[in-house]
Amino acid sequence: MTTAVVPPGVVTTAAENTTSLVQSVDWLAIAPPVVVAAVALIVLVADLFLPEERKPLLGWVAMAGLVAALAFLVPLRDGDRSTFCLTAATTGTGGTGACSYTADHFALVIQALVLGGALLTALLSLGDTRRLPAGEFWFLLLSSASGAALLPAARDLATLVVALEVASLPAFALVGMKRGDRRSSEAALKFFLSSVVATAVMLLGVSFVYATTGTLHLTEIATRLDDVPGQLDTLAKAGVVLTLVGFAFKTAAAPFHFWVPDTYVGAPVPVAAYLSVVGKAVGFSGLILVTVIAFPAYADVWGPALAVLAALTMTIGNVAALRQNATRVRSAVRLLAWSSVAQAGYLLVPIAAAAYSSDEHIGSTVAYALMYAVVNLGAFAVAALVARTSAGNRLSDYRGLYATRPLAALAMAFFLLCLAGLPPGIVGLFAKVTVFSAAVDAGLGWLAVVMAVNVVIALYYYLQWTAVLFRSPEEVPEGEAVPVAEGGPAGAAVPAGRRAPAHLTLAIALTAVVGVLLSGAPQTVLRFAAVNLF
C-alpha cells in the first residue's frame with residue numbers, strides 16, 4: 001500500500017484520507033495589502049460616527065495603517081513565501097503547482113515603494129482635506145494603496161487585473177474630489193473613460209492568452225507559450241500585444257499618455273503626486289510581471305515594441321515639457337506631468353533591454369523607480385507648499401522662492417537636479433547611467449542615443465526652473481495678499497511669507513534627507529534593487 005503525499009497547505013480528513021480543496025492561507029505573506037484594506041474599512045465606518053471637528057483624526061489613522069503595513073514587510077524580507085497555490089487536487093498531478101500570490105524580493109521592493117509613496121501622499125494631504133470629504137478621501141486613498149500593494153505579488157492574470165482595477169477605480173474619484181471645480185470633474189471623467197477603454201483592451205488580450213494556453217498563472221503561461229500550435233500562434237501574439245497596451249496606458253507610455261497633463265492639473269496636488277509615483281509603480285510592476293515572467297517566449301514581439309514606446313515616450317514628454325509657458329495657470333504641475341511622461345520613457349528602457357539579453361536589467365528599472373519616487377514626491381511637496389500662497393501655481397510664481405522660503409527653494413533645486421541627473425543629485429545621475437548601460441548591454445545603441453539626446457533636452461527646462469528659484473523676486477504692492485489655492489477656504493488671503501504647515505515641512509524634509517543620503521551612497525539603491533528579483 002502506498003501513502004499519498006499531502007501537499008503543503010492542503011487540509012485532509014482523517015476519516016477519508018482524501019485530499020481537500022480547502023487551503024490554508026499564509027496571513028503573514030498577505031499582511032501588507034490586507035492591513036491597508038482593513039484600515040480603509042475602519043476609516044469608512046469611523047467617519048459615520050465622528051463629529052466634524054474630529055475628522056482630522058482619520059488622517060492619522062490612515063497614516064498609522066500605512067506604517068503598520070510597512071512594518072509587516074520586515075518579517076518577509078527573505079522573499080520566500082507564497083500562498084493560494086495550485087495543489088494536487090486542483091492540478092490532477094502528484095505535486096503542487098503555481099501560486100497566485102508570491103512575496104518575493106520584487107514584490108517586497110515594489111510594496112515598500114507603493115506604501116512609502118502612499119504614506120508621503122497622506123502626509124501631504126494632512127490639513128488639506130478641509131475642503132474635501134475627509135472620510136471618503138482617506139478611504140479612497142487607502143483602497144487604492146491596497147490594490148497597488150497587491151499587484152506586485154500577483155502571479156496570475158486574474159489577480160493581476162483585479163489588483164490593477166482596485167488601485168485604479170478609487171483614483172478616479174480622488175482626481176474628482178474637488179467639488180465645484182470644473183477642471184477637476186473634467187480630469188476625472190477623462191481619466192475614467194480612457195482607463196476603461198484600456199482595461200477593456202487588456203481584458204481582451206488576457207482572454208486571448210487564456211484561450212491559447214488554458215491557464216492564467218504566469219509561470220504556467222510561460223511554459224505553454226513555448227509550444228503553441230501553429231494555428232494559435234497569431235491569437236497568442238494578439239493576446240500579448242493587447243495585454244501590453246493596457247499596461248502601457250497605466251505607465252503613461254506614448255501614445256497612451258494623453259490623459260496625464262489634464263488629470264494631474266485637475267487633481268488636488270497630493271493626488272497628482274500619488275498618481276505620478278504609486279500609479280506609475282503599479283503600471284510598471286504589472287508590465288514587468290507579464291513580460292519577464294509570462295511572455296518570455298514572445299520577447300521578439302514585445303521587446304522591439306517597448307523599445308519604440310520608450311523612445312517615443314521620452315521624446316514626447318521632454319518636448320512638451322520644454323514648451324510650457326511660465327505664466328500659464330498651473331504650469332508648474334503641468335510641467336511635472338510632462339516630466340513624468342518623459343521619466344516613464346526612461347523606465348521602459350531596461351524592460352525592453354530584458355527582451356534582448358536577460359531579466360537582470362529589470363533591477364535598473366526598479367532602482368530608477370525608487371530614485372524617481374523620492375525626488376518626485378519631494379517636488380510635488382514643494383508645489384503643494386507654493387500652491388497655498390499662489391492660486392495659479394505658475395512657474396513664474398517660483399521666482400525668488402529662495403528669498404521667502406530658502407530651505408524649500410534649496411530642496412526644490414535639489415529635486416530638479418536629481419531628475420535632471422546632475423550633481424549634487426548623484427542618485428539621479430547613477431540611475432540614468434544604469435538605464436543607459438542596460439540599453440548598451442542589450443545592443444540597443446540607437447535607443448541609448450535617443451535617451452542621451454532626451455537627457456540633454458530635459459536639462460534645459462530643469463535648469464531653467466532651478467534658476468527661477470534664485471532670481472530676484474518680483475515686487476508686490478505693499479499690503480497685497482495672495483489667495484490660498486489649496487487647503488484653505490475660498491477667498492482667504494495670506495501673506496506670502498506665512499510659516500509653512502508642519503506636515504508639508506516634514507514631507508519636504510523627509511524626501512530631501514532621503515535624497516541626500518542616497519546621493520551620498522547611490523550604490524545602496526542599486527544593491528537594493530539588484531537582488532534576485534524573481
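Each residue takes its place number in the sequence, starting with 1.
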Please check this pair: side chain of [X] against backbone of [Y], looking for a donor-acceptor N/O pair closer than 3.5 Å.
X: S519; Y: G515; result: yes
X: W302; Y: L244; result: no
X: D441; Y: A438; result: no
X: H503; Y: L126; result: yes
X: S146; Y: P33; result: no
X: Y101; Y: A29; result: yes

Where do [X] and [Y] come nearest, in terms of heavy atoms and distance?
X: A154; Y: L289; result: O-CD1, 3.5 Å
X: L335; Y: A321; result: CD1-O, 3.9 Å
X: G392; Y: D397; result: C-OD2, 3.9 Å
X: V260; Y: A337; result: CG1-O, 3.8 Å
X: A252; Y: H257; result: O-CB, 3.5 Å
X: L275; Y: A171; result: CD2-CB, 3.9 Å

Report, as yes or no, whether the 6.0 Å neighbourhood of atom [atom1] on [X] holds more than 12 heavy atoms from other residues, nucleotides or ligands.
X: F256; atom1: CZ; value: yes
X: F192; atom1: CZ; value: no
X: F172; atom1: CZ; value: yes

Side-chain donor-acceptor pairs under 3.5 Å in residues 410-435, sequence neighbours left out?
from : atom 1 : to   : atom 2 : distance (Å)
K432 : NZ     : Y368 : OH     : 2.9
K432 : NZ     : L419 : O      : 2.7
T434 : OG1    : F430 : O      : 3.4
T434 : OG1    : A431 : O      : 2.6

Nearest 0.5 Å please: distance from the [atom1] atom of [X] over to the [atom2] atom of [Y].
X: T505; Y: L385; atom1: OG1; atom2: CG; answer: 7.0 Å
X: L401; Y: T404; atom1: CG; atom2: OG1; answer: 5.0 Å
X: L347; Y: F284; atom1: CG; atom2: CZ; answer: 4.5 Å
X: S195; Y: M202; atom1: OG; atom2: CE; answer: 8.0 Å
X: S184; Y: D262; atom1: OG; atom2: CG; answer: 12.0 Å
X: L377; Y: L124; atom1: CG; atom2: CG; answer: 7.0 Å

For residues 372-398, which residue pairs pass the ring pair (Phe, Tyr, Trp, His ring centres under 6.0 Å) check, not counting sequence neighbours? Y398-W465
Using the side-chain hydrogen bond (donor to acceptor under 3.5 Å, both in side chains) rule, collect all pairs that involve residues 443-455, keeping only residues at least two apart or in two chains. T315-N454, N318-N454
Show every side-chain hydrogen bond (donor to acceptor under 3.5 Å, both in side chains) that has at least one partner inside residues 264-290, sequence neighbours left out.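 Checked against side-chain hydrogen bond (donor to acceptor under 3.5 Å, both in side chains) - neighbours excluded - the pairs reaching residues 264-290 are S144-Y274, S276-N376, K280-S340.
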The test is side chain to side chain contact (heavy atoms under 4.5 Å, CB included); show your working for L348 and L287 and say whether it passes. CA-CA 9 Å; L348 282 170; L287 188 62; 3.5 Å; yes
How are the rings of F249 and W259 set to each other: parallel, tilted or perpendicular (split at 30° and 60°)? tilted
Got [X] and [Y] here, is their nearest side-chain heavy-atom distance under 4.5 Å?
X: R155; Y: D104; value: yes
X: F247; Y: L164; value: yes
X: F106; Y: I288; value: yes
X: L395; Y: Y461; value: no
X: F295; Y: L218; value: no
X: K250; Y: V282; value: no
X: V450; Y: M314; value: yes
X: F137; Y: P170; value: no

Criterion side chain to side chain contact (heavy atoms under 4.5 Å, CB included) on L309 and L306, from CA distance to verdict: CA-CA 5 Å; L309 284 181; L306 290 183; 4.2 Å; yes
Step-by-step side chain to side chain contact (heavy atoms under 4.5 Å, CB included) determination, V277 to L113: CA-CA 9 Å; V277 171; L113 189 159; 4.1 Å; yes
Salt bridge (Lys or Arg N to Asp or Glu O under 4.0 Å) partners for R81, two or more places apart: D26
Tell me every residue that passes salt bridge (Lys or Arg N to Asp or Glu O under 4.0 Å) with E165, counting only those two or more places apart in sequence or in another chain. none
Steps toward side chain to side chain contact (heavy atoms under 4.5 Å, CB included) verdict (Q111, L73): CA-CA 8 Å; Q111 284 177 338; L73 295 177; 3.3 Å; yes
L66 pairs by side-chain contact (heavy atoms from CB on, under 4.5 Å) with which of T121, L120, L115?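 Of T121, L120, L115, side-chain contact (heavy atoms from CB on, under 4.5 Å) with L66 is met by L115 alone.
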